[in-house]
Amino acid sequence: GDFRHFDRDFAQTNRLRTEGTDILLDAARSVGARRFVAQSFGGWPYARGGHPVKTEEDPLDSAPASNARESFAAIGHLEATVTGTPDLDGLALRYGGFYGPGTSLAREGGGDNLVGVVRKRRLPIVGSGDGYFSFCHIDDAASATLAAVERGAPGVYNVADDEPAPVRDWLPVLARTVGAKPPRRIPRWLARSLLGPQGMLIMTAAPGMSNAKAKRELGWTPRWPSWRTGFRDGL
């Protein structure tokens, strides 16, 4: 997406997370549903600082970047509404970044999907590449969703693989896996004008997330426990 205009790029998604969620919850209550599972995201909303891998008990960022405030608010609305509805067992799944067939990180697709961008060397390592990513193969997202439909107490769950990793670790592996040249490295001062404030935070300061609660309480185990084997065999 367009990191410089983050909220504008996510405007339709933010409407789905707010208006769409409210409509679906009304529909669920009207037919007497007992359980409601919603798609949230854990790839960048956690507060920065402290340990780089966050659990569901850690706070979300209370001071998001200026160009991402609407997106943070939409995620907050979805999670609070779904998990706070008294007559429904509401679960919000904070998925990691999807990869695998049919996603933006897949071998197939046009040149503008993430693999295409990496092949063109248009995704650089910024500064020291300290931003953490948590990945989730699309098959594991599906199995975790099924587990949440069938079991688990109401609340929020991180759904990702076992190995959160900084950009400096995973991006060169992805490039090598898809036959691309190593990613470029650019200084922070240069990246700031290209990525905008939220893009800078994602690439240099975003935390990863722990999947321990989902494994423990949903009885879920990822088929692809690491992006290292997932990139090699699961794209």
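Below, each value reflects all heavy atoms present in this structure, side chains not excepted, and no hydrogens, waters or symmetry copies.
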Engineer: For Arg8, which residues count as a salt bridge (Lys or Arg N to Asp or Glu O under 4.0 Å) partner, sequence neighbours excluded?
Structural biologist: Asp2
Engineer: With ring pair (Phe, Tyr, Trp, His ring centres under 6.0 Å) as the test, would you mind laying out the steps for Trp170 and Phe133 before giving the verdict?
Structural biologist: CA-CA 8 Å; Trp170 66 260; Phe133 278 57; 4.8 Å; yes
Engineer: Please check this pair: side chain of Ser210 against backbone of Ala212, looking for a donor-acceptor N/O pair closer than 3.5 Å.
Structural biologist: yes
Engineer: State whether the number of non-hydrogen atoms from other residues, nucleotides or ligands found under 6.0 Å of Arg121 atom CZ is greater than 12.
Structural biologist: yes
Engineer: Side-chain contact, heavy-atom cut-off 4.5 Å: Asp162 with Lys215?
Structural biologist: yes
Engineer: If two hydrophobic side chains count as joined below 4.5 Å and joins carry through other members, does Ile186 share a cluster with Ile202?
Structural biologist: yes
Engineer: Going from CE on Met209 to OH on Tyr132, what distance comes out if it is rounded to the nearest 0.5 angstrom?
Structural biologist: 14.5 Å
Engineer: Going through the distances and angles, do Leu93 and Val37 end up as a side-chain contact (heavy atoms from CB on, under 4.5 Å)?
Structural biologist: CA-CA 7 Å; Leu93 305 185; Val37 179; 3.9 Å; yes
Engineer: Taking the side chain as every heavy atom from C-beta outward, state whether Arg35 and Leu88 have any atom pair closer than 4.5 Å.
Structural biologist: no
Engineer: Would you call Phe98 and His137 a side-chain contact if the rule is heavy atoms closer than 4.5 Å?
Structural biologist: no
Engineer: Show your reasoning for whether side-chain hydrogen bond (donor to acceptor under 3.5 Å, both in side chains) applies to Thr145 and Tyr95.
Structural biologist: CA-CA 10 Å; Thr145 305; Tyr95 297 98; 2.5 Å; yes
Engineer: Quick one: do Asp7 and Arg69 make a salt bridge, cutoff under 4.0 Å?
Structural biologist: no
Engineer: Testing the basics here: between Met203 and Leu195, what is the closest heavy-atom pair and its distance to 0.1 Å?
Structural biologist: CG-CD1, 3.9 Å
Engineer: List the steps, then state whether side-chain hydrogen bond (donor to acceptor under 3.5 Å, both in side chains) holds for Asp22 with His77.
Structural biologist: CA-CA 9 Å; Asp22 291 347; His77 174 90; 2.9 Å; yes
Engineer: Do the side chains of Trp227 and Ile138 join up, straight or via other hydrophobic residues, at under 4.5 Å, putting them in one cluster?
Structural biologist: no
Engineer: So, for Gly152 and Leu91, which heavy atoms are closest and what is the spacing to 0.1 Å?
Structural biologist: O-CD2, 4.1 Å
Engineer: Any chance you could measure Thr85, atom OG1, to Asp87, atom CG, to the nearest 0.5 Å?
Structural biologist: 6.5 Å
Engineer: Is there side-chain contact between Leu174 and Leu235, with heavy atoms separated by less than 4.5 Å?
Structural biologist: yes
Engineer: For a side-chain contact (heavy atoms from CB on, under 4.5 Å) with Pro183, tell me which candidate from Leu123, Val118, Leu171 qualifies.
Structural biologist: Leu171
Engineer: Val117, Leu194: one ILVMFWY side-chain cluster at the under-4.5 Å cut-off?
Structural biologist: yes
Engineer: I'd like to know if the side chain of Ser134 reaches the main chain of Gly96, judged simply by a donor and an acceptor atom lying under 3.5 Å from each other, with no hydrogens or angles considered.
Structural biologist: no
Engineer: After noting the C-alpha distance and the side-chain angles of Val178 and Phe231, does the key distance pass the side-chain contact (heavy atoms from CB on, under 4.5 Å) rule?
Structural biologist: CA-CA 9 Å; Val178 300; Phe231 287 175; over 6 Å; no
Engineer: Can you give me the closest heavy-atom contact between Thr177 and Arg232, atom names plus distance?
Structural biologist: CG2-CA, 3.9 Å
Engineer: With a 4.0 Å cut-off, would you call Arg223 and Asp139 a salt bridge?
Structural biologist: yes
Engineer: Closest heavy-atom contact between Asn158 and Glu56?
Structural biologist: N-OE2, 2.6 Å
Engineer: Would you indicate whether Arg15, at its atom CZ, is surrounded by more than 12 heavy atoms from other residues, nucleotides or ligands within a distance under 6.0 Å?
Structural biologist: no
Engineer: Closest heavy-atom contact between Pro172 and Ile125?
Structural biologist: CG-CD1, 4.1 Å
Engineer: Determine, stepwise, if the pair Ser71 / Asn14 fulfils side-chain hydrogen bond (donor to acceptor under 3.5 Å, both in side chains).
Structural biologist: CA-CA 6 Å; Ser71 299; Asn14 293 337; 3.2 Å; yes
Engineer: Starting from Met200, can I reach Leu190 by hopping between I/L/V/M/F/W/Y residues whose side chains sit under 4.5 Å apart?
Structural biologist: yes
Engineer: Would you check if Arg34 and Asp89 make a side-chain contact, meaning some heavy-atom pair closer than 4.5 Å?
Structural biologist: no
Engineer: Just verifying a value: how many Å separate Asp9 CG and Gln198 CD, rounded to the nearest 0.5 Å?
Structural biologist: 12.0 Å
Engineer: Which one of Tyr46, Phe41, Trp44 satisfies the ring pair (Phe, Tyr, Trp, His ring centres under 6.0 Å) criterion with Phe72?
Structural biologist: Trp44
Engineer: Please confirm whether Lys213 makes a cation-pi placement over Tyr157, using NZ or CZ under 6.0 Å from the six-membered ring centre and within 45° of the ring normal.
Structural biologist: yes
Engineer: Looking at Thr55, is its backbone amide N or carbonyl O close enough to the side chain of Asp58 to form a donor-acceptor pair, meaning the two atoms are under 3.5 Å apart?
Structural biologist: yes
Engineer: Check whether any side-chain heavy atom of Leu16 sits under 4.5 Å from a side-chain heavy atom of Thr21, and report yes or no.
Structural biologist: no
Engineer: Listed by chain and number, what are the side-chain hydrogen bond (donor to acceptor under 3.5 Å, both in side chains) partners of Ser226, not counting sequence neighbours?
Structural biologist: Glu163
Engineer: Looking at CD of Glu19 and CG of Leu24, how far apart are the two atoms once the value is rounded to the nearest 0.5 Å?
Structural biologist: 12.0 Å
Engineer: Which heavy-atom pair separates Ala92 from Leu78 by the least distance, and what is that distance?
Structural biologist: CB-CD2, 4.3 Å
Engineer: Examine distances only and state if a side-chain atom of Asn211 and a backbone atom of Val159 form a donor-acceptor pair shorter than 3.5 Å.
Structural biologist: no
Engineer: Is the backbone of Asp161 close enough, under 3.5 Å, to the side chain of Asp140 for a donor and an acceptor to pair up by distance?
Structural biologist: no
Engineer: State, yes or no, whether a side-chain contact exists between Phe3 and Asn67 at a heavy-atom distance under 4.5 Å.
Structural biologist: no
Engineer: Under a 4.5 Å side-chain heavy-atom rule over Ile, Leu, Val, Met, Phe, Trp and Tyr, are Val149 and Val156 clustered together?
Structural biologist: no
Engineer: Atom CZ in Arg4, atom CZ in Arg192: separation rounded to 0.5 Å?
Structural biologist: 15.0 Å
Engineer: Nearest 0.5 Å, please: how far is CD1 in Ile75 from OG in Ser40?
Structural biologist: 5.0 Å
Engineer: Quick check: do Trp224 and Tyr99 have side-chain heavy atoms less than 4.5 Å from each other?
Structural biologist: yes
